[in-house]
Amino acid sequence: MAGTTLLDVKGVETYYGNIRALNGVNVTVNQGEIVALIGANGAGKSTLMMTIFGAPRARAGTITFAGNDITQMPTHEIARLRIAQSPEGRRIFPRMTVMENLQMGASLDNLQHYAEDVEKVFSLFPRLKERIGQRGGTLSGGEQQMLSIGRALMARPKLLLLDEPSLGLAPLIVKQIFDAIRELNKSQGLTVFLVEQNAFGALKLATRGYVMVNGNVTMSGTGKELLANPEVRAAYLEGGHH
Ligand SMILES: Nc1ncnc2c1ncn2[C@@H]1O[C@H](COP(=O)(O)OP(=O)(O)OP(=O)(O)O)[C@@H](O)[C@H]1O
Ligand SMILES: [Mg+2]
């Protein structure tokens with residue numbers, strides 16, 4: 001149902017040893033939304049995304065997904081609830097082909113839809129179909145990003161977590177990736193939680209956004225509100241797009 005809370009992060013604290021990287025973070029993602037999390041290097045964006053996926057674990061607070069408390073759940077069980085992730089740096093399998101990488105993303109529960117799901121990925125990213133037998137490690141950065149997202153989609157996620165999909169990519173490829181995310185959201189109602197350094201692109205794409213500074217969420221609003229916010233503009237958009 002549109003509008004219901006799918007992911008609810010409440011008061012989450014995550015530590016690396018004695019160092020606290022998240023200081024009581026509150027974030028919600030509703031069914032059908034694209035939510036963007038922006039912030040500077042080291043703010044804790046990836047830590048939040050990884051904490052949602054169970055590693056590292058929250059030391060305080062709760063994370064609820066579709067009514068299930070997943071705060072202490074092992075990652076493989078979280079994945080079975082149909083959260084899928086394209087992590088920072090893409091992390092595809094470099095020695096496996098495009099096809100094999102996609103196979104790795106399909107969960108055992110989904111094998112009966114396998115052929116259909118592969119076709120869906122190929123229609124979203126035709127470039128991958130052309131490179132079906134090529135090893136992941138020899139793909140361009142943009143193609144690797146497409147493969148990373150495609151592999152996550154093979155799990156038929158209810159929530160897709162994307163960590164910096166635009167990192168290091170040329171503007172044209174960034175546009176293709178963002179268009180694909182928009183299309184998945186529009187046509188399939190896929191809910192997306194997106195971490196981005198590219199604040200302009202992410203906030204344009206997003207229904208709502210959050211700003212993170214030093215492990216705290218300092219601002220939130222609709223994508224439009226944040227794009228128009230003078231503090232956001234000064235900190236994340238100056239010198240870029242207007
Ligand atoms: N494995 C780790 N061990 C120790 N400290 C870590 C580890 N991973 C991250 N940190 C620290 O936690 C803080 C938050 O890092 P995180 O990677 O979440 O930031 P980020 O917002 O994703 O940054 P970026 O935009 O550069 O990817 C940083 O100070 C970082 O040095
Ligand atoms: Mg990061």
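Order of listing sets the numbers, starting from 1, for every ligand and every atom in it.
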Undergrad: With the threshold set at under 4.0 angstrom, would you say Gly44 reaches ligand 1 through any of its heavy atoms?
TA: yes

Undergrad: For Glu231, I'd like to know if atom CD has over 12 heavy atoms of other residues, nucleotides or ligands within 6.0 Å.
TA: no

Undergrad: Should you measure from each heavy atom of Ser46, which atoms of ligand 1 turn up under 4.0 Å away?
TA: 17 (O), 18 (O), 20 (P), 22 (O), 27 (O)

Undergrad: What do you reckon, is CZ of Arg156 surrounded by more than 12 foreign heavy atoms closer than 6.0 Å?
TA: yes

Undergrad: Tell me which protein heavy atom sits closest to atom 26 (O) of ligand 1, plus the residue, atom name and distance to 0.1 Å.
TA: Asn41 ND2, 2.7 Å

Undergrad: Are side-chain heavy atoms of Lys120 and Phe122 found at a separation under 4.5 Å?
TA: no

Undergrad: Tell me the angle that OG of Ser46 and OE1 of Glu88 form around the Mg ion (ligand 2), rounded to 10°.
TA: 90°

Undergrad: Are any of the heavy atoms in Ala40 under 4.0 Å away from ligand 1?
TA: yes

Undergrad: Any idea which part of Met212 is under 4.0 Å from ligand 1, heavy-atom wise: side chain, backbone, both or neither?
TA: neither

Undergrad: Thr47 heavy atoms, cut-off 4.0 Å: which ligand 1 atoms fall inside?
TA: 14 (C), 15 (O), 16 (P), 18 (O)

Undergrad: Which atoms from ligand 1 have a heavy atom of Gln197 less than 4.0 Å away?
TA: 24 (P), 25 (O)

Undergrad: Before you tell me yes or no, could you show the steps for Asn30 and Leu6 under side chain to side chain contact (heavy atoms under 4.5 Å, CB included), namely the whole-Å CA-CA distance, both residues' side-chain angles and the distance that decides it to 0.1 Å?
TA: CA-CA 5 Å; Asn30 299 320; Leu6 187 59; over 6 Å; no

Undergrad: Would you say that more than 12 heavy atoms from the other residues, nucleotides or ligands in this model lie under 6.0 Å from the CZ of Arg91, or not?
TA: no

Undergrad: At a 4.0 Å threshold, what atoms of ligand 1 neighbour a non-hydrogen atom of Glu88?
TA: 27 (O)

Undergrad: Looking at ligand 1, is there an atom of it that comes within less than 4.0 Å of some heavy atom belonging to Glu164?
TA: yes

Undergrad: If we count only non-hydrogen protein atoms and require a distance under 4.0 Å, does atom 31 (O) of ligand 1 qualify as touching the protein?
TA: no

Undergrad: Of the choices Pro56, Gly42, Gly89, which has the non-hydrogen atom that lies closest to atom 28 (C) of ligand 1?
TA: Gly42

Undergrad: Identify, for atom 9 (C) of ligand 1, the protein heavy atom at the shortest distance, and state residue, atom and that distance.
TA: Tyr16 CE1, 3.3 Å

Undergrad: Examine Gly39 against ligand 1 and note whether any of their N/O atoms are separated by less than 3.5 Å.
TA: no

